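This structure is a prediction, so every number in the text was calculated from the model and none was measured. The figures here come from the full heavy-atom set of this structure, side chains too, leaving out hydrogens, waters and symmetry mates.
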Amino acid sequence: MLNKCFCATCLGVEAVVVTVEVDLSMGVGIHLVGLPDSAVRESLLRVVTALTSYGFRIPGRRLVVNLAPADIRKEGSAYDLAIALGLLAVSEQVALVDCDRFLIMGELALDGRIRPVNGILPVALQAREDGFQGCIFPAESALEASEIEGLAVYGVSTLGEAIEVLTRRDECDHLLVRKRPVQEPSLMLGNDFRQVRGQAQARRGMEIAAAGGHNLILVGAPGSGKSLMASCLPSILPPMTREEAIETGKVYSVAGRGLREGGLPFERPFRAPHHSASLVSLIGGGPQAGPGEISLAHNGVLYLDEIAQFSRGMLDALRQPLEDGCVTISRARYKVQYPSNFMLVASMNPCPCGYYGDDTGRCSCTRGSVEGYLSRISGPMMDRIDIQVWVKSLTAVELLGLSGGADAQEPESSAVIAARVKQARQLQESRFIGEGIFTNAAMGSRQLERYCALSDACRQTLEKLLDRMGLSARAYTRILKVARTIADLAGEAEILPVHLLEAAGFRFLDRRRIID
């Protein structure tokens with residue numbers, strides 16, 4: 001006798017439906033096949049003990065449990081619940097109704113309780129796409145799928161509740177996971193730009209970067225405000241759209257960091273790994289092929305404080321994800337792809353002692369040591385940073401004059417800047433409908449040709465800039481993208497020469513001009 005239930009596994013952020021086939025025949029023993037790992041093989045002991053604790057019997061015949069397709073390695077403990085229900089159905093101890101129309105996941109405790117599992121959001125999306133009637137998930141994990149429309153999601157805490165859903169569904173409305181009321185996302189997640197004194201050029205650069213999703217680096221002496229301004233960035237970023245929130249939510253769900261309180265995460269992620277982090281933690285991988293920091297920062301910000309302290313190999317590993325917006329992790333046992341369309345924000349000192357270019361003259365570094373320090377960031381990596389800002393130390397007048405003097409001017413708050421950024425992002429959202437991108441920074445060659453058409457005056461301006469600065473082809477396209485964002489902030493439909501000049505002015509590190 002054969003019974004089928006369905007669960008799923010995740011390859012990257014994409015779910016694959018797994019058929020749990022349980023066969024009862026003549027013989028003795030319980031066999032689990034279908035390329036299971038050690039955690040899945042141990043599920044038989046958990047399932048047997050949990051069923052026994054509920055008073056069910058284990059048939060004294062041969063049980064074969066097959067997890068299909070057999071060419072995909074099965075990892076984790078999420079198959080327990082589907083195996084247990086399939087065993088009950090095939091031994092005719094419980095008459096399950098429409099078991100093959102539900103996607104079932106959950107880890108069983110020895111007493112029959114159901115523990116949370118990872119990857120619920122992509123699994124629920126796949127279940128809706130494949131036409132399943134509903135899903136049965138652990139109660140703590142099911143809240144991640146609360147906003148998936150067109151799918152009945154049941155959150156169960158025990159094996160008994162899972163059986164009730166498949167036997168007396170009309171009496172289980174209390175187990176349905178319902179969409180939570182929509183709350184307005186908070187924009188004030190970091191510090192406020194009102195706390196930043198002076199630094200007009202840096203503030204402008206960060207506004208442009210936030211508006212277009214551009215990569216940015218802040219170079220300056222210690223104490224000039226680089227880290228403070230970076231911490232202010234989340235306060236001017238607009239909340240994610242629903243499509244962006246689903247993309248980011250899938251990554252966090254697979255990583256086991258989904259929102260247990262339910263709903264999608266609309267606040268953009270801000271990840272700030274330490275320079276001692278490993279390459280696997282940054283890029284992703286490991287035994288379970290998990291996402292790294294660059295994927296956890298998808299549709300948000302990856303902040304590298306003192307970027308020159310990161311190893312060169314680690315920084316160069318960011319080059320391909322920065323260009324493609326995704327990272328492919330290939331190992332002997334697996335090959336998975338994670339999205340990594342993040343905004344890179346970095347800060348660094350200009351030299352080993354940190355005070356090169358400071359008006360106090362405290363720098364004691366030689367020209368060679370300054371060049372060597374800057375060369376820790378390779379040319380191809382620096383080429384991918386759109387906006388490069390020199391942050392000067394504040395003078396006493398700037399520090400004290402802005403704190404209450406008669407002629408002091410109050411710095412713009414994050415709320416004011418965020419309003420302009422949001423307006424520019426809305427222009428880009430309407431511009432890129434159906435394109436599969438959300439910001440100017442993500443434009444490819446086709447979008448550049450369509451949305452960054454240049455007038456004759458702009459072409460002449462750009463020709464002079466390229467000849468004088470000796471920029472690469474990549475830097476040229478980056479200037480076009482930044483100019484498009486500057487035009488959006490100004491409310492201009494076309495790119496003007498002044499926009500190109502301002503965009504080119506943010507590329508002072510391309511030829512190491514900092515030491516000229």
Would I58 and T52 count as a side chain to side chain contact (heavy atoms under 4.5 Å, CB included) if you check the C-alpha gap in whole Å, the side-chain angles of each, and the deciding distance to 0.1 Å? CA-CA 8 Å; I58 306 302; T52 304; 4.3 Å; yes
Does [Y] offer a backbone N or O that forms a donor-acceptor pair with the side chain of [X] under 3.5 Å?
{"X": "Y252", "Y": "L296", "result": "yes"}
{"X": "T49", "Y": "R46", "result": "no"}
{"X": "S43", "Y": "A39", "result": "no"}
{"X": "N215", "Y": "L344", "result": "yes"}
{"X": "K481", "Y": "A442", "result": "no"}
{"X": "T248", "Y": "H298", "result": "yes"}
{"X": "S141", "Y": "P138", "result": "no"}
{"X": "E161", "Y": "S157", "result": "yes"}

Carefully, step by step, assess S53 and D111 under the rule side-chain hydrogen bond (donor to acceptor under 3.5 Å, both in side chains). CA-CA 6 Å; S53 69; D111 59 358; over 6 Å; no
Could you check whether any side-chain heavy atom of [X] comes within less than 4.5 Å of a side-chain heavy atom of [Y], counting everything from C-beta outward?
{"X": "P269", "Y": "V301", "result": "no"}
{"X": "L318", "Y": "M381", "result": "yes"}
{"X": "M314", "Y": "L282", "result": "yes"}
{"X": "M348", "Y": "V219", "result": "yes"}
{"X": "P291", "Y": "V13", "result": "no"}
{"X": "Y79", "Y": "V117", "result": "no"}
{"X": "L237", "Y": "R425", "result": "yes"}
{"X": "M443", "Y": "I437", "result": "yes"}

Answer yes when R484 and D488 have at least one side-chain N-carboxylate O distance shorter than 4.0 Å, and no when they do not. yes
Distance from [X] atom [atom1] to [Y] atom [atom2], nearest 0.5 Å?
{"X": "N299", "Y": "T439", "atom1": "CG", "atom2": "OG1", "value": "8.5 Å"}
{"X": "L44", "Y": "I30", "atom1": "CG", "atom2": "CD1", "value": "6.0 Å"}
{"X": "L81", "Y": "C7", "atom1": "CG", "atom2": "SG", "value": "9.5 Å"}
{"X": "I307", "Y": "H275", "atom1": "CD1", "atom2": "NE2", "value": "12.5 Å"}
{"X": "T9", "Y": "L67", "atom1": "OG1", "atom2": "CG", "value": "10.0 Å"}
{"X": "L480", "Y": "Q447", "atom1": "CG", "atom2": "CD", "value": "13.0 Å"}

Please give me the minimum heavy-atom distance between [X] and [Y], naming the atom from each residue.
{"X": "A209", "Y": "L216", "value": "CB-CD1, 3.8 Å"}
{"X": "G112", "Y": "Y54", "value": "CA-CE1, 3.7 Å"}
{"X": "L32", "Y": "R41", "value": "CD2-CA, 3.7 Å"}
{"X": "L159", "Y": "A84", "value": "CD1-CB, 4.5 Å"}
{"X": "G286", "Y": "V280", "value": "N-CG1, 3.6 Å"}
{"X": "V33", "Y": "P36", "value": "C-CD, 4.1 Å"}

Applying side-chain hydrogen bond (donor to acceptor under 3.5 Å, both in side chains), can you list everything that pairs with R57, at least two apart in sequence or on another chain?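 By the side-chain hydrogen bond (donor to acceptor under 3.5 Å, both in side chains) rule, R57 matches no residue at all.
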Looking only at the side chains, is there a donor atom on one of [X] and [Y] sitting less than 3.5 Å from an acceptor on the other?
{"X": "Q93", "Y": "S91", "result": "yes"}
{"X": "T328", "Y": "Y338", "result": "no"}
{"X": "E144", "Y": "S253", "result": "yes"}
{"X": "Y451", "Y": "E435", "result": "yes"}
{"X": "N118", "Y": "R257", "result": "no"}

Applying salt bridge (charged side-chain N to carboxylate O under 4.0 Å, His left out) to K4 and D23, what does each step give before you reach the verdict? CA-CA 9 Å; K4 292 183 180 181; D23 179 70; over 6 Å; no
Pairs involving residues 317-330, ordered by first then second residue, that meet salt bridge (charged side-chain N to carboxylate O under 4.0 Å, His left out) (sequence neighbours left out): D316-R319, E323-R384, E323-R474, E323-R478
So salt bridge (charged side-chain N to carboxylate O under 4.0 Å, His left out) across residues 239-252, not counting sequence neighbours, yields E14-K250, E147-R242, E244-R268
Please determine whether the number of non-hydrogen atoms from other residues, nucleotides or ligands lying under 6.0 Å from atom CD of Q423 exceeds 12. no
What do you reckon, is CZ of R450 surrounded by more than 12 foreign heavy atoms closer than 6.0 Å? no
Please assess I148 against L121 for the test side chain to side chain contact (heavy atoms under 4.5 Å, CB included), listing each intermediate value before the final yes or no. CA-CA 8 Å; I148 304 302; L121 184 57; 3.8 Å; yes
Show, in sequence, the C-alpha distance, side-chain angles and deciding distance for F6 and F132, and conclude whether the ring-ring contact (aromatic ring centres under 6.0 Å, His included) test is met. CA-CA 10 Å; F6 294 93; F132 282 91; 5.6 Å; yes
Mind checking what makes ring pair (Phe, Tyr, Trp, His ring centres under 6.0 Å) contact with F438, not counting sequence neighbours? none
Side chain to side chain contact (heavy atoms under 4.5 Å, CB included) for H31 and L63? Distances and angles first, verdict last. CA-CA 6 Å; H31 308 278; L63 280 168; over 6 Å; no
As a quick check of understanding, evaluate side chain to side chain contact (heavy atoms under 4.5 Å, CB included) for V20 and V65, giving each step before the final call. CA-CA 7 Å; V20 180; V65 180; 4.1 Å; yes
Side chain to side chain donor-acceptor pair (under 3.5 Å) partners of residues 278-295, not counting sequence neighbours, each pair once: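 Only R271-E293, S278-S281 qualify under side chain to side chain donor-acceptor pair (under 3.5 Å).
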Please list every donor-acceptor pair under 3.5 Å in which a side-chain atom of residues 94-110 meets a protein atom from a residue at least two apart or in another chain.
| unit_1 | atom_1 | unit_2 | atom_2 | d |
| --- | --- | --- | --- | --- |
| R101 | NE | Q133 | OE1 | 3.4 |
| R101 | NH1 | Q133 | OE1 | 3.4 |
| E107 | OE1 | S77 | OG | 2.8 |

